[in-house]
Amino acid sequence: MLRAVYPGSFDPVTFGHLNIIQKAAYFSEELIVGLLSNNAKSPLFSIEERVNMLREVTKDYANVRVEVFDGLLIDFARSQNANAIIRGLRAITDLDYELQMSHTNHRLDPNIETIFMNTCTEYSYISSSMVKEIATYRGDVTGFVPQYVVGKLEEKFVGK
Ligand code: PNS
């Protein structure tokens with residue numbers, strides 16, 4: 001049985017992320033969604049905002065927990081007693097970077113396996129960056145993110 005960590009920036013969480021959370025939760029005894037707090041990227045949403053959004057949209061999953069981490073993913077996975085790291089693959093273009101990360105993490109701890117899950121076709125093109133770009137220009141993001149997140153994006157861009 002998996003005790004898995006699903007790490008990411010989630011700025012913001014999309015239907016693509018939720019699709020992976022749903023699949024990974026099905027195969028896991030416990031799924032810990034790990035939100036990276038020390039990311040070099042400059043995020044639109046603060047850590048508090050992102051953790052709140054993640055907790056809200058995963059509240060119906062009894063075996064899903066959201067935690068914030070900084071430092072190395074492998075150390076976070078170890079601290080959670082996880083035996084797996086879940087990463088979503090949208091397209092083949094994701095693979096280079098993901099394989100590099102997977103091999104590196106395996107070298108750091110061979111007892112923690114990275115498992116790739118593919119995002120279902122209908123979500124395979126969605127990215128947080130695209131969602132933010134659309135929201136910046138007041139486009140309709142309802143097909144890409146949960147309604148709760150739509151509201152948070154609207155709050156960000158209201159009056160701008
Ligand atoms: O959602 P993202 O931005 O694609 O997630 C990337 C993430 C958080 C998984 C990655 O940046 C990460 O693991 N960062 C933690 C630092 C670390 O462990 N680096 C070495 C991994 S090879």
Side-chain angles (χ1 to χ4, degrees), residues 2-25 28-90 94-109 111-117 119 123 126-136 141 144-158 160:
L2 295 182
R3 184 176 167 78
V5 160
Y6 176 46
S9 312
F10 306 105
D11 185 40
V13 58
T14 67
F15 282 142
H17 295 128
L18 273 179
N19 184 224
I20 298 296
I21 289 172
Q22 184 185 16
K23 291 183 189 208
S28 304
E29 171 194 328
E30 185 171 35
L31 179 70
I32 302 109
V33 178
L35 171 59
L36 178 68
S37 73
N38 62 333
N39 206 327
K41 300 174 192 171
S42 47
L44 173 65
F45 290 100
S46 70
I47 283 294
E48 291 69 28
E49 289 171 320
R50 280 180 278 159
V51 90
N52 287 341
M53 283 188 276
L54 276 167
R55 286 192 175 137
E56 175 62 31
V57 301
T58 59
K59 66 178 183 214
D60 292 333
Y61 295 94
N63 63 337
V64 174
R65 182 157 59 81
V66 181
E67 298 291 342
V68 175
F69 78 101
D70 58 15
L72 288 178
L73 169 58
I74 206 75
D75 290 337
F76 173 65
R78 269 198 213 110
S79 75
Q80 300 298 310
N81 294 317
N83 54 15
I85 292 167
I86 305 289
R87 290 292 287 172
L89 289 178
R90 291 167 300 186
D94 286 338
L95 200 59
D96 252 3
Y97 168 67
E98 293 298 336
L99 272 182
Q100 192 181 9
M101 232 169 46
S102 159
H103 288 309
T104 308
N105 283 325
H106 195 262
R107 181 67 202 255
L108 292 172
D109 191 333
N111 296 317
I112 300 178
E113 191 66 28
T114 297
I115 297 176
F116 296 121
M117 291 188 173
T119 316
Y123 308 117
I126 302 176
S127 71
S128 297
S129 334
M130 285 291 186
V131 167
K132 284 183 277 191
E133 189 167 330
I134 296 165
T136 310
V141 291
F144 310 129
V145 293
Q147 200 53 45
Y148 184 80
V149 178
V150 173
K152 295 294 164 194
L153 281 161
E154 282 170 359
E155 283 172 21
K156 277 279 165 203
F157 294 108
V158 78
K160 288 200 178 149

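Annotation for Gly88 and Asp94: closest pair O-OD2, 4.5 Å, computed over non-hydrogen atoms. Shortest non-hydrogen contact noted between Ala77 and Ile85 is CB-CG1, 4.4 Å. Heavy-atom minimum distance, Leu31 versus Ile21: CD2-O, 3.7 Å. Closest approach of Ala84 and Ile115 over heavy atoms only: CB-CD1, 4.0 Å. Closest approach of Pro146 to Leu18, counting heavy atoms only: CG-CD1, 3.5 Å. Nearest heavy atoms, Asp70 versus Leu36: CA-CD1, 4.3 Å.
Taking Glu49 as the reference, Lys156 meet the salt bridge (charged side-chain N to carboxylate O under 4.0 Å, His left out) condition, with sequence neighbours excluded. With sequence neighbours left out, the salt bridge (charged side-chain N to carboxylate O under 4.0 Å, His left out) criterion links Glu133 to no other residue. Take Phe144 and apply the ring pair (Phe, Tyr, Trp, His ring centres under 6.0 Å) test, not counting sequence neighbours, and it matches no residue. Scanning for salt bridge (charged side-chain N to carboxylate O under 4.0 Å, His left out) contacts around Asp109 gives Arg78, with sequence neighbours left out. The side-chain hydrogen bond (donor to acceptor under 3.5 Å, both in side chains) test applied to Gln80 returns Arg65, not counting sequence neighbours. Phe15 is linked by a ring pair (Phe, Tyr, Trp, His ring centres under 6.0 Å) to nothing, counting only residues two or more places apart in sequence or in another chain. Annotation: side-chain hydrogen bond (donor to acceptor under 3.5 Å, both in side chains) contacts of Lys152 (sequence neighbours excluded): none. Remark: Ser128 engages no residue in a side-chain hydrogen bond (donor to acceptor under 3.5 Å, both in side chains) (not counting sequence neighbours). Here Asn63 pairs with nothing under the side-chain hydrogen bond (donor to acceptor under 3.5 Å, both in side chains) rule; sequence neighbours left out. Among residues two or more places apart in sequence or in another chain, the salt bridge (charged side-chain N to carboxylate O under 4.0 Å, His left out) test is passed with Arg55 by none.
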Open item on the list: Using the rule given for side-chain contact (heavy atoms from CB on, under 4.5 Å), can you reason through Asn83 versus Leu2, listing the C-alpha separation, both sets of side-chain angles and the distance that settles it, and then say yes or no?
Closed with: CA-CA 6 Å; Asn83 54 15; Leu2 295 182; 4.1 Å; yes
- [ ] Show your working on side-chain contact (heavy atoms from CB on, under 4.5 Å) between Val141 and Glu154 and close with a plain yes or no.
- [x] CA-CA 10 Å; Val141 291; Glu154 282 170 359; over 6 Å; no
Open item on the list: Go through it in stages, so that I can follow the logic: the residues are Val66 and Phe10, the test is side-chain contact (heavy atoms from CB on, under 4.5 Å), and I'd like the CA-CA distance, side-chain angles, deciding distance and then a yes or no.
Closed with: CA-CA 11 Å; Val66 181; Phe10 306 105; over 6 Å; no
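In this structure, Ser102 contributes its side chain and Glu98 its backbone to no donor-acceptor pair below 3.5 Å. Under the 3.5 Å distance criterion, the side-chain polar atoms of Arg87 are left unmatched by any main-chain donor or acceptor of Gly8.
Rounding to the nearest 0.5 angstrom, the gap separating the CD1 atom in Ile20 from the OG1 atom in Thr119 is 4.0 Å. Distance check, rounded to the nearest 0.5 Å: CD of Glu67 to OG of Ser37 gives 12.0 Å. Interatomic distance, Tyr148 OH to Leu54 CG, rounded to the nearest 0.5 Å: 10.5 Å.
Taking the side chain as every heavy atom from C-beta outward, Leu153 and Leu44 approach each other to under 4.5 Å. Between Asn105 and Ile112 the shortest side-chain heavy-atom distance does not fall below 4.5 Å.
Listed by first and then second residue, the side-chain hydrogen bond (donor to acceptor under 3.5 Å, both in side chains) pairs that reach into residues 7-23 are Ser9-Asn39, Asp11-Lys132, Thr14-His17, sequence neighbours excluded. Pairs passing the ring-ring contact (aromatic ring centres under 6.0 Å, His included) check and including a residue from residues 50-79, sequence neighbours excluded, read Phe69-Phe76.
In Asp96, the CG atom is not crowded: 12 or fewer heavy atoms of neighbouring residues, nucleotides or ligands sit closer than 6.0 Å.
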